[in-house]
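Contents: one structure, followed by commentary.
Not measured: the values here are computed from a predicted model. Count residues from 1 along the sequence.
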Amino acid sequence: QVQLVESGGGSVQTGGSLRLSCPASGYSYSRNCMGWFRQAAGKEREGVATITSDGNTDYADSVKARFTISKDSANNTLYLQMGSLKPEDTAMYYCAADRGSWSASACKTRYRGIFNFWGQGTQVTVSS
């Protein structure tokens, strides 16, 4: 059974940094796509960053050059390093993973539908 558990959220001021973590227990697809999504109050869930099993990444335009997605394959943990945080980054952040059914070209922030497994989320609040 695949379980994704996010941690690392919190409250920071504008310009601050946070690092989110997501260990993926029971997840063992050699070819895979993992990602971070976020959902602000009253808005739809949106893709933030994705990473393939080969390390190819994709970012939403709104977070490019500020956020970095990475993965530690040894302990099956996904990370999101967030810097230069803005109030508009305030949202619940979710970790997601697919079943390894898609090609690397589908591992993009705009393809939310390919993800089969989701965590419960961790709240990030950025105050001005």
I'd like to know if the side chain of Thr50 and the backbone of Gly35 have a donor-acceptor N/O pair within less than 3.5 Å.
no
Which heavy-atom pair separates Glu6 from Gly121 by the least distance, and what is that distance?
OE1-N, 2.8 Å
Summary of side chain to side chain donor-acceptor pair (under 3.5 Å) pairs that have at least one residue in residues 100-116, sequence neighbours excluded:
Asp58-Thr109, Ser103-Ser105
Pairs involving residues 99-128, ordered by first then second residue, that meet disulfide (SG to SG under 2.5 Å) (sequence neighbours left out)
Cys33-Cys107
Residue pairs, two or more places apart or on separate chains, that pass ring-ring contact (aromatic ring centres under 6.0 Å, His included) and touch residues 80-99
none
Sequence neighbours excluded - side chain to side chain donor-acceptor pair (under 3.5 Å) pairs with any residue from residues 9-29
Tyr27-Asp98
Hydrophobic cluster partners of Tyr79 (side-chain heavy atoms under 4.5 Å)
none
Under a 3.5 Å distance rule, please check whether Arg31 uses its side chain to pair with a backbone N or O of Gly100 as donor and acceptor.
yes
On a heavy-atom basis, which atom in Ala60 and which in Gly47 lie closest, and how many Å separate them?
CB-O, 3.4 Å
Just wondering, are more than 12 heavy atoms of other shown residues or ligands nearer than 6.0 Å to CD in Gln39?
yes
With sequence neighbours left out, which residue pairs that include part of residues 49-106 fulfil the disulfide (SG to SG under 2.5 Å) condition?
Cys22-Cys95
To the nearest 0.5 Å, atom CD of Gln120 lies from atom CG of Leu4 at 9.5 Å
ring-ring contact (aromatic ring centres under 6.0 Å, His included): which pairs involve residues 34-59, sequence neighbours left out?
Phe37-Phe115, Phe37-Trp118
Taking transitive links into account, so neighbours of neighbours count too, which hydrophobic residues share a cluster with Val5 at under 4.5 Å side-chain distance?
none
Hey, is the main chain of Gly55 close enough, under 3.5 Å, to the side chain of Thr52 for a donor-acceptor pair?
yes
Ignoring hydrogens, what is the shortest heavy-atom contact between Ala49 and Leu80? Give both atom names and the distance.
CB-CD1, 4.3 Å
Distance only, no hydrogens: is a donor on one side chain within 3.5 Å (strictly under) of an acceptor on the other, for Thr77 and Asn75?
yes
If you take all heavy atoms of Thr122 and Gly8, which pair is closest and at what distance?
OG1-N, 4.2 Å
Closest non-hydrogen atoms of Val48 and Val63, given as atom of the first, atom of the second and distance, are O-CG2, 3.5 Å
Is there any disulfide (SG to SG under 2.5 Å) pair reaching into residues 39-90, and which pairs are they, with sequence neighbours excluded?
none
Partners of Lys43 by salt bridge (charged side-chain N to carboxylate O under 4.0 Å, His left out), sequence neighbours excluded?
none
Working note: Leu85 + Phe67, criterion side chain to side chain contact (heavy atoms under 4.5 Å, CB included); need CA distance, chi angles, decisive distance, verdict.
CA-CA 9 Å; Leu85 284 162; Phe67 291 9; 3.8 Å; yes
Measure from the side-chain N and O atoms of Asp72 to the backbone N and O of Ala74, and report whether any donor-acceptor pair falls under 3.5 Å.
yes
Run the salt bridge (charged side-chain N to carboxylate O under 4.0 Å, His left out) test against Arg66 and tell me which residues pass, sequence neighbours left out.
Asp89
Partner set under ring-ring contact (aromatic ring centres under 6.0 Å, His included) for Phe117, not counting sequence neighbours
none
Once you round to the nearest 0.5 Å, how far does CD1 of Ile51 lie from NZ of Lys71?
5.5 Å
So which atom in Gln123 and which in Thr90 form the shortest heavy-atom distance, rounded to 0.1 Å?
NE2-CG2, 4.0 Å
